[in-house]
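Working notes, beginning with the structure itself.
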Protein chains: 2
Amino acid sequence: MLGSVVLAGKGYVDFSSVKGSTIKETIYMSTQKMFTPVQIGRAGEDIALQLEAAILEEKIVPGERLPSERELQAQFQCGRGVIREAIRALRQKGLVEIRKGAKGGAYIKQVEVATVSESLALFLKQQHIGTDHIAEFRESIDRVITVLAIARAGMAEKKDLVKEAEKLLKMAGQSQPDKETLSRLDRKLNIQLAKMSKNPVFEWVMDAIQHGFSSNDYALYEDSEYRLKTAENWCETARHIVENDPTRALNSISAHYTLLQRCVAARASGVAGSAEEEAFG
Amino acid sequence: MLGSVVLAGKGYVDFSSVKGSTIKETIYMSTQKMFTPVQIGRAGEDIALQLEAAILEEKIVPGERLPSERELQAQFQCGRGVIREAIRALRQKGLVEIRKGAKGGAYIKQVEVATVSESLALFLKQQHIGTDHIAEFRESIDRVITVLAIARAGMAEKKDLVKEAEKLLKMAGQSQPDKETLSRLDRKLNIQLAKMSKNPVFEWVMDAIQHGFSSNDYALYEDSEYRLKTAENWCETARHIVENDPTRALNSISAHYTLLQRCVAARASGVAGSAEEEAFG
DNA sequence: TGGTTAGTTTGGTAGGGCCATTGTTTGGAT
DNA sequence: ATCCAAACAATGGCCCTACCAAACTAACCA
């Protein structure tokens, strides 16, 4: 029993290596193995790593839960605070979801893209990335996605894309459209297109980028002129995809980003005041 | 003084809103403001968010440090455990680095790409992504990077790329090359090329992808045949970049990924045994 | 039958104490 | 005066105990 953990009545997971990686043990080891970096002051981290490994090796699968903090405390022979920190680390990584109360605890779950997006957004925010760099990256991704989508997606999907784009156009044409809804539709279109590439990596990257910089797209729908043009551009792109015309589709994509570029430039140069006012009206 | 935090003798940061978000205060508040959702069970998170906001707004800049845990505990009027959890969350996000001892504490630092990479790698790992999907994404990125590099990088950089590629080739030609070193060189080449695109986003994405899947590249250097071919392919690519010949450069890139694909297929089909043995020799 | 209440499990928080580490200061020996 | 070692102080890491709050369970009563 020692060194293993009862998994909510489901079975056992071997954490026998834990005792050997305790702080004091490591120090003793260092007198034998020379130049072995003594990983001190990180017992909690050690536990987190072991739990993470157990999860990644699918010894515990999504839907199941880790033992309670008090149980783990007993199994790992350490204070509850350490266990808490370890679990919180897993939670921050998106590996578990913590619930309170009876039948509560750390439930294993699939890592969501949003977790990666958050991390990315934080990074980009702190690095003061210019919108032009982001836009350039996004455009290049969009182009690849478009080509792949034309080659791989079924006609039904393609037609559905047109339908959604027309929905966006219709909404953009209204006199007082809800900008947030427009943004959401735009985002949805992007993801829908990304899905059609049949490569989840593109879908996730697109998702992450959008999460990190939704404010840009939002700006595009502030101005009624750009709003309509953008929606029309989406329809055009979708039509070219249905027609299996990569060249024209790519041209549309380029036009989209030219629009975006012009739009942010215009807003930055002076119209920002009135636009800002409109945003809070 | 109340509601603000002394910043290691540098100044003050206003955390006045914190008192209002303390558990007990919130409960008291709820008797006044009706239907105000009592956000209980998240005090630590609340504090983490406030500290994070202060960092992102650059009220505290990299190099400086947060007050000690005990100070924060006093300022925020809560237990030390809560403060610890908040700080650990920041640390996990890569926003601070924690040092022990005198003059220790949570030092603000720039978020590193590695943080995002880790998050991404974890996600990809848990989703069981096929290497083909990753490779496809990476190839598309590589192609864009190459075109941008040809257009934007200076001749000196381009020639340096060739030099590094030749270094790789020379090492790959040795009878008993160190595969780890080869992998590292390959990685370095990729990043170097990405830098030449003059768009940091590409650089980071490449970095993140590589961190998440270094094992693939590693495999490429296991087999002596692929090892040489890959190195030669790198040289070819670099030469075409120097010659400002995008078409041929892109062809080289495609060839690289064809090689990779063939290599992993070969290893998967049967040669895995001997290769595995060689790896641990 | 149906709703209410008490009990149990489990995370959330408080607060105190001790240890290990590390930068600084001090004091003694040369 | 210089240098080195020992004491000191600040600070994170860890432990412990107690209590609260939420959420599920089961017993109980109308």
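Numbers restart at 1 for each chain; the letters A, B, ... are given by sequence-line order, proteins then strands. All of these numbers come straight from a predicted model, not from anything done at the bench.
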Which part of the nucleic acid, if any, lies within reach of [X] when heavy atoms closer than 4.0 Å are counted: base, sugar-phosphate only, or nothing?
X: B/G105; result: sugar-phosphate
X: B/I98; result: sugar-phosphate
X: A/G79; result: sugar-phosphate

Length of the [atom1]-[atom2] vector between [X] and [N], whole Å:
X: B/E85; N: D/dC14; atom1: CD; atom2: P; result: 13 Å
X: A/R88; N: C/dT13; atom1: CZ; atom2: P; result: 7 Å
X: A/F76; N: D/dC15; atom1: CZ; atom2: P; result: 12 Å
X: A/K100; N: D/dA23; atom1: NZ; atom2: P; result: 6 Å
X: A/Q73; N: D/dA18; atom1: CD; atom2: C1'; result: 13 Å
X: B/R65; N: C/dT22; atom1: CZ; atom2: P; result: 15 Å
X: A/I83; N: C/dG11; atom1: CD1; atom2: P; result: 11 Å
X: A/L66; N: C/dG11; atom1: CG; atom2: C1'; result: 14 Å

message: Can you list everything that forms a side chain to side chain donor-acceptor pair (under 3.5 Å) with A/R91? Sequence neighbours excluded, please.
response: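 If we apply the side chain to side chain donor-acceptor pair (under 3.5 Å) test to A/R91, skipping adjacent residues, the hits are B/E45.
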- request: For the residue pair A/Q192 and A/D160, confirm or rule out a side-chain donor-acceptor distance under 3.5 Å.
  value: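 Yes, a side-chain donor-acceptor pair sits under 3.5 Å.
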message: Under 4.0 Å from OP1 or OP2 of C/dG12: is there any side-chain N or O of A/R84 that close?
response: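 Affirmative; the distance criterion is met.
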- prompt: Distance check: side-chain N/O of B/R80 vs OP1/OP2 of C/dG17, anything under 4.0 Å?
  reply: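 No.
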query: Would you call B/E85-B/R88 a salt bridge at under 4.0 Å N-O?
result: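 Looking at B/E85 and B/R88, the cut-off is not met.
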query: Charged N to carboxylate O under 4.0 angstrom, B/R80 versus B/E71?
result: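 Salt bridge absent between B/R80 and B/E71.
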field: Closest-nucleotide 5' rank along DNA chain D - winner of A/V82 and A/A102
entry: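 With A/A102 and A/V82 compared, the 5'-side residue is A/V82.
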message: If I take atom CG from residue A/L124 and atom CD1 from residue A/I134, how far apart are they, to the nearest 0.5 angstrom?
response: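 The CG atom of A/L124 sits 4.5 Å away from the CD1 atom of A/I134.
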task: For B/R70 and for A/S68, find the nucleotide of DNA chain C with the closest heavy atom, then tell me which residue's nucleotide is more 5'.
output: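 Result of the comparison: A/S68.
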message: Checking contacts here: which listed nucleotide (D/dC14, D/dG12, C/dG11) is nearest the side-chain heavy atoms of A/E69?
response: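 Per side-chain heavy atoms of A/E69, the pick is C/dG11.
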field: Residue B/C78, side-chain heavy atoms: nucleotide from C/dA14, C/dT8, D/dC15 that is nearest
entry: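 For the B/C78 side chain, the nearest candidate turns out to be C/dA14.
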